[in-house]
Amino acid sequence: KGQEVVKLSTLPKRAKRTYLAMDTDKEVIGYVIPVFREATEEGINYVAMRNLFVREAREALDVKVVKKTRSTQIKESVERMELSRTLDEWTQFRRKMNPDNLTHPPEFTVKPRGQTVWEGKTVKLHCTVAGWPRPKVAWYKNNVLIDVKAHPEKYTVESNYNMHSLEIKNCDFFDTAQYYISALNVKGEASSVATVVVKREEPGPLDPKPHGFCHEHGVTFETTIIDKFEVAFGREGETLSLGCTVIVYPTVKKYQPEVVWYRNSVPLKPSKWVHTHWSGERATLTLIHLNKEDEGLYTLRVNTKSGFDTYSAYVFVQDADVEVEGVPVAPLDVRCHDVNKDYVVVTWKQPAVEGSSSIQGYYIDRCEVGCHHWALCNDVPVKYARFPVTGLVEGRSYIFRVRAVNKAGISRPSRVSEAVVAMDPSDRAPGPLAPWTGMIKFTEEDPTVGVVPGEPTDVVVTEATKSYVVLAWKPPVQRGHEGVMYYIEKCISGTDTWQRVNTSAPVKSPRFALFDLAEGKSYSFRVRCCNSAGVSEPSVSTGEITVGDKLDLPSVPSIPVATRNTATSVVVFWKACKDVKHLVGYYIECSVVGTDVWMPCNNKPVKQTRFVCHGLTTGANYVFRVKAVNPAGYSQSSPNSDALVVLPAISVPGKSTGVTLLEAVKDYMVLGWSPPANNGGADIRGYFLDYRTVKGNAVGKWHELNHKALTTTSYKAENLKENVFYEFQVRAMNMAGVSKASLPSASLECKEWTLTVPGVPVGLHVLEIRDTSVVVLWETPTFDGRTPVNGYYLDFKEASAGEECWKAAHEKVNKMKYMKVTGLKSGTSYVFRVRAQNLAGVGKPSELVGPVLAKTLPGTKEIYVDVDDDGVISMIFEFPEMKPGSEFVWSKNYQAIDASRLTIVSEQGKSRAIFNSPSLEDLGTFSCVVTNTDGISSSFTLTEEGLKRLLEISHDHKFPVIPFKTEMAMELLEKGRVRFWTQVEKCTSACQVEYVFNDLIISHGQKYTMNFDKNTGIIEMFMDSLEVTDEGTYTFNLVDGKAKGTTSLVLIGEEFMELQKKSQFERAEWVRKQGPHFVEYLDFVVTSECDVLLKCKVRNYLCRFKFCKEGLTFNIGKLSKKDAGVYEVFLKDDRGRDKSTFNLTDAGNVLFSCVSSSHCKRLVIKTKQKALHDIHFLNREAKIAASERVKAGVTGEQLWLKINEPTEKDKGRYTMDIFDGKGSVKRFVDLIGQDRARVIGGLPDVVAIQEGKSLNLTGNVWGDPVPEVSWTKNDKLLVSDERYKLKFEQGKFASITIAAVTTTDSGKYALLVKNKYGTEAGEFTVSVYNPDDEEAKEEKKD
């Protein structure tokens, strides 16, 4: 007594419960209606539930110490034992009454499945949950509890036994979300998720837009998205921005629409990789540091109170350039799964490009968050795109990346994964949990400290590959309050020995990956638990497991089908792979036909079997293939699709124009119109004509005139009523469908025409618009009048001028249906009209065409003519800015071309019209028009003179000739060697020379030595000597690719004999000079004492006499008759011999008589010595100065004066004054012009010319009086005619011209000159060759 008794309450003091729903930022987002609690029976997990619901109990509990007596303590101990026995009995009773015998946490036996529905439909999610005690469930939408009572019109929740369902009525786009169901009982919690996607059907042309009246603001918001982003292409590492301008009408103050961005229908949340911005007018999405994970379909959705609007476009992310050629690109989409205390599973997706060889495997790196050191997780590359990483430290955060490897090297690393924490899943913050709706009463449990844990259960192999095996199991039921760890044991099949795998330390997670297992062998596995009390018994064995890949590669996809989409994209379809497991997606590749270079169309795998390949080249021809991917690897590529040219999909044509009346009779009218400017990418197949009646301002209904499509642009509308007004409209048709109707024509009266003149021309249009000219074209009138049309008149005026300003473009009648109007003012607009004429007169003017602005359209180029290396003549028109569906159309004289005359080749903005066989038939005006443009066109007029010039150029290109800088020449060298040489102007390193003598090919050997310096172009051939058999024609034949060249030298007759003698002489001289020889032969000199000395000069002589020097002398003394005779000097040794002779007789030397006389001072011999001091030439007593025309010199014993091209002024007496220092001698000669006729140069010896060329030769003639000139061929006199043109000009130059030589012109020609003093002939040989014959000869030789 006196002591205060305190009662301990089992229930803690709790904070006041709030019924406000809050998001993660603690902001109120709704109100939650509380659920009434019901009394339930007490549970058995007192400690667990206390920690879960009443963590604040210890803080709120007021504990006071009460002193008890011993008897009180014994009494309470007895009561506790009694209570414990009672509880044991109750527990045994409950176990007997519970069919499961044991309680267990919730488990989803049937999980809810995701669904995709259309707007306005109802979707229902079903699931089945097992567990004891029976779990309570709750539904969540994007982690927010669904309040069914607050929205009964939207949601309905049912729970029958263990089956639960959520029904969502009248779905709209806002219902697209992830729906969670959470189940909870005293043993734990479980949850499952299902995704619901709500799609909106594409509205038809008459369907209303999804906008409704907003009662809150009293308006209907209309949303318009403009300035839209197109299909975008980025590269890894770059920053890409997408944006649209959004107009919301009407504008309400303080109201902004909701702007949401989606990627592949998944909402995007702002992060370090994704930035969004809404300025009130423009929505912008910025992707920082692009990666392949960012590739996909991006959608902008603008939500208002009246509805929504969306816009979508695809974003492609290309791989960054590899550092080493041939290595693979980086993997993508690295994620972490099944995270535990020391274990995590890392998955990724294979890249689209494997590099120069197949991917051999992948390396996985890990890094602790906050550090920068990456550690390698696997020493050997793994091929499976899923890898268990072990050895993590509990409580630490990690990020992962993956690299691919092939024979060329290792790729760049992938984007890092999201950070994960190594910890037990039960310790993590729980996800959305269902609110507990019952009352829990707690009882005490028996302490389990110091108890050995039970054995694990349900040990299974979750993954098995060639590299590793992953085991998973459930923790034991009996494990105490302290944590348990695990040992894993393996046993090879066929043995009873169990080997512990993790001997160093037990693992904490109920997952384990075993490596270093032998592929193909079978193993059994089991697990033991352990804690501080000991190691448990082993679990049940898994049974025999064979190590190897359980997942096969995907099967080959079907052949893809490609269809046209836009000018730069193609839609590809294919059938899904059969029996494929864990499909990651598909990669699509494309290749330009003929290149065999495959490029990826997507760098992120797609799961659908339809894909739009963007970024293709317009007009290029592509093939496509598909390969599938799963974690095991790539499938084989599908067969190639059929080749497809990238062009826009065909659409209906544009509207026709210009519906006019061409002829009218009582009951019918003839109508004409112009075809649409845009044919929709396909040829116009026909037209449909409609009509309606008009009475005043009232118009009737439209009726069809023709049920079968018309193929012309005119139609005879019959069965009409006379004097009734009608309106007409036209529709064009192509393979895509029928166009919209043209504008109605003016009201036309069905009344017979009484005119005799022709009707109006139709189909006026303009082409080739330039700054100062334009070409106008038209068609003949439908109504000719009384007589046929025989011409036209074209008028034009400025568009702003009055009717009185019409001017005629020409004076005479034009019989063609086109005309080029020139003399226009640049930048001025003009209109044109045409009138037809027959014998009765000139008809009415046509409908106006225009206004046409006289200004060259941007990008317009002119047609130019090209002759290629093969001599092919073609016309080329270029327009690089080709629009989708545009094409080049060629015409001659503005009419369809004859396909037999021209071949059209068009590709990539260039069209080439190739002449098949150019001739006079091809003369005319050729034009080319680019369809589906503003009139891009050009023309080229081919004249006869131009055709001849092109044919000449073509012939030169077909049979090119190697140009020679110097024709073949010959010169004598030392030892009597003969050198034949020539020089070409230019040649390539592939140039080859063929050496020919008398039509026989000669080669390098003992007799001939050849050399060809391709840098200088000099060709040489050497011969040591000339023999009798060497007389003939020497030819060098050159071949340099297609080009050929020939040069020849003829050595025959006297010319050859003279050359042979010179060669032999030079050879003998060289042999003579090898031994002792005379430098100056024996000669005489008379001294002042009148002694005659014989002297000579020798060299290379080993003289044995004392006086032996280079100069040898012999003094005859006073010369007398007895000294007459022949004097000889011999030189001889082992190397050779030489001889010199001097004839001192009257017969041998005319000077002997002079020498023997007594007048020594007047010896004429001095005039013949070489020791002359001075020599002068005089003309008319005036000294002649040396120049290029007049030259003088001494050769041996000859004194000479040479006058080139003498004239009348050079006539007269010439004096030669010779002075030796003591006396002088003069000689005289008269030049009076009596020169015989001569050919002094200009003509070659041999002319080799290609057939078809023109030959023109000019010879220089000299003679006084002026000689007579004539030409001969093969000794027959030639006469000047059309074939041979012979000229003689200025008395000096005689020329012959042969146009277009043929093989019959080959032969020996001569130029004959004759006057009274003599006759001379200049001969030369002409050889005409045909290149085709030369090629045929070469083929025969080969």
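Residue numbers start at 1 and run along the sequence shown. Note that the coordinates shown come from a computational prediction; the quantities given were computed from them, not determined experimentally. The figures here come from the full heavy-atom set of this structure, side chains too, leaving out hydrogens, waters and symmetry mates.
To the nearest 0.5 Å, the span separating OG on Ser265 from OH on Tyr298 amounts to 12.5 Å. Between atom OG of residue Ser417 and atom CG of residue Asp333 there is a gap of 10.5 Å, rounded to the nearest 0.5 Å. Expressed to the nearest 0.5 Å, how far OH of Tyr180 lies from CG of Asn143 amounts to 5.0 Å. The NZ atom of Lys607 sits 12.0 Å away from atom CG of Asn264, with the distance rounded to the nearest 0.5 Å. Rounding to the nearest 0.5 angstrom, the gap separating the OH atom in Tyr179 from the SG atom in Cys127 is 15.0 Å. Note: Ile399 CD1 to Arg415 CZ = 12.5 Å, rounded to the nearest 0.5 Å.
In this structure, the side chain of Asn142 does not engage the main chain of Ala177 through any donor-acceptor pair within 3.5 Å. Distance alone, capped at 3.5 Å, places no donor-acceptor pair between the Ser397 side chain and the Ala419 backbone. With Asn630 contributing its side chain and Val584 its backbone, the two residues share no donor-acceptor pair below 3.5 Å. No donor-acceptor pair closer than 3.5 Å links the side chain of Gln115 to the backbone N or O of Leu125. Between the side chain of Arg301 and the main chain of Thr310, no donor-acceptor pair closer than 3.5 Å is present. A donor-acceptor pair is defined here as one N or O able to donate and one able to accept, closer than 3.5 Å; such a pair exists between the side chain of Tyr587 and the backbone of Gln350. Thr245 places no side-chain N or O within donor-acceptor distance of the main-chain N or O of Asp227, the cut-off being under 3.5 Å. For the pair Tyr586 (side chain) and Cys577 (backbone), a donor-acceptor distance under 3.5 Å is present. Side-chain atoms of Glu119 come within 3.5 Å of backbone atoms of Phe173 as a donor-acceptor pair (strictly under, hydrogens ignored). Thr176 places a side-chain N or O within 3.5 Å of a backbone atom of Val198 that can act as its donor or acceptor partner.
In this structure, Val626 and Pro557 approach most closely via the heavy-atom pair O-CG, 3.7 Å. Between Val346 and Val334, the shortest heavy-atom distance links the atoms CG1-CG1, 3.8 Å. The two residues Gly120 and Asn170 have their closest heavy-atom pair at CA-OD1, 3.5 Å. Across every non-hydrogen atom of Val317 and Glu295, the tightest pair is N-OE1, 3.0 Å. Across Pro554 and Ala628, no two heavy atoms sit closer than the pair CB-CB, 3.7 Å. Residues Ala649 and Arg564 share a closest heavy-atom pair of CB-O, 3.8 Å.
For His126 and Ser165, the side-chain atoms include no donor-acceptor pair closer than 3.5 Å. Between Ser182 and Ser191, the side chains place no donor N or O within less than 3.5 Å of an acceptor N or O (distance only, hydrogens not considered). Counting only N and O atoms by type, the side chains of Ser638 and Arg625 include no donor and acceptor under 3.5 Å apart.
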Criterion side chain to side chain contact (heavy atoms under 4.5 Å, CB included) on Val421 and Val339, from CA distance to verdict: CA-CA 8 Å; Val421 182; Val339 184; over 6 Å; no

Dump the intermediate steps for side chain to side chain contact (heavy atoms under 4.5 Å, CB included) on Glu463 and Val345, then the final yes or no. CA-CA 11 Å; Glu463 297 181 31; Val345 175; 4.2 Å; yes

List the steps and the verdict of side chain to side chain contact (heavy atoms under 4.5 Å, CB included) for Val252 and Val219. CA-CA 9 Å; Val252 177; Val219 295; 4.3 Å; yes

Stepwise side chain to side chain contact (heavy atoms under 4.5 Å, CB included) check, Leu145 with Asp147: CA-CA 6 Å; Leu145 180 66; Asp147 191 349; 5.9 Å; no

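Within a 6.0 Å sphere centred on CD of Glu281, heavy atoms belonging to other residues, nucleotides or ligands number 12 at most. For CZ of Arg335, the number of neighbouring non-hydrogen atoms (other residues, nucleotides, ligands) closer than 6.0 Å is 12 at most. In this structure, Gln256 places its CD atom where more than 12 heavy-atom neighbours from other residues, nucleotides or ligands lie under 6.0 Å away. Within a 6.0 Å radius of CZ in Arg113, other residues, nucleotides and ligands contribute 12 heavy atoms or fewer.
Side-chain contact between Arg386 and Val470 is absent, with no heavy-atom pair separated by less than 4.5 Å. For the pair Ile181 and Leu166, the minimum side-chain heavy-atom distance is 4.5 Å or more. Val612 has its side chain out of reach of Tyr314: every pair of non-hydrogen atoms, C-beta onward, lies at least 4.5 Å apart. Residues Tyr262 and Ser312 fail the side-chain proximity criterion, which asks for heavy atoms closer than 4.5 Å. Counting heavy atoms from C-beta outward, Ile168 and Tyr155 have side chains that approach closer than 4.5 Å. Between Tyr255 and Phe221, the closest side-chain pair of non-hydrogen atoms falls below 4.5 Å. A heavy-atom distance below 4.5 Å is not found between the side chains of Glu293 and Trp273. Side chains of Val315 and Asp294 form no contact here, defined as non-hydrogen atoms less than 4.5 Å apart.
A ring-centre distance under 6.0 Å is not found for Phe611 and Phe624.
The side-chain hydrogen bond (donor to acceptor under 3.5 Å, both in side chains) with Lys292 is formed by just one residue from the set Asn602, Asp319, Asn603; it is Asp319.
For the salt bridge (charged side-chain N to carboxylate O under 4.0 Å, His left out) condition, the pairs that include at least one residue of residues 165-180, sequence neighbours left out, are Lys141-Asp175, Lys154-Asp175. The salt bridge (charged side-chain N to carboxylate O under 4.0 Å, His left out) contacts involving residues 574-588 comprise nothing, where partners must be two or more places apart or lie in separate chains.
Taking the six-membered ring where the residue is Trp, Phe233 and Phe316 present parallel rings, their angle staying beneath 30° rather than reaching 60°.
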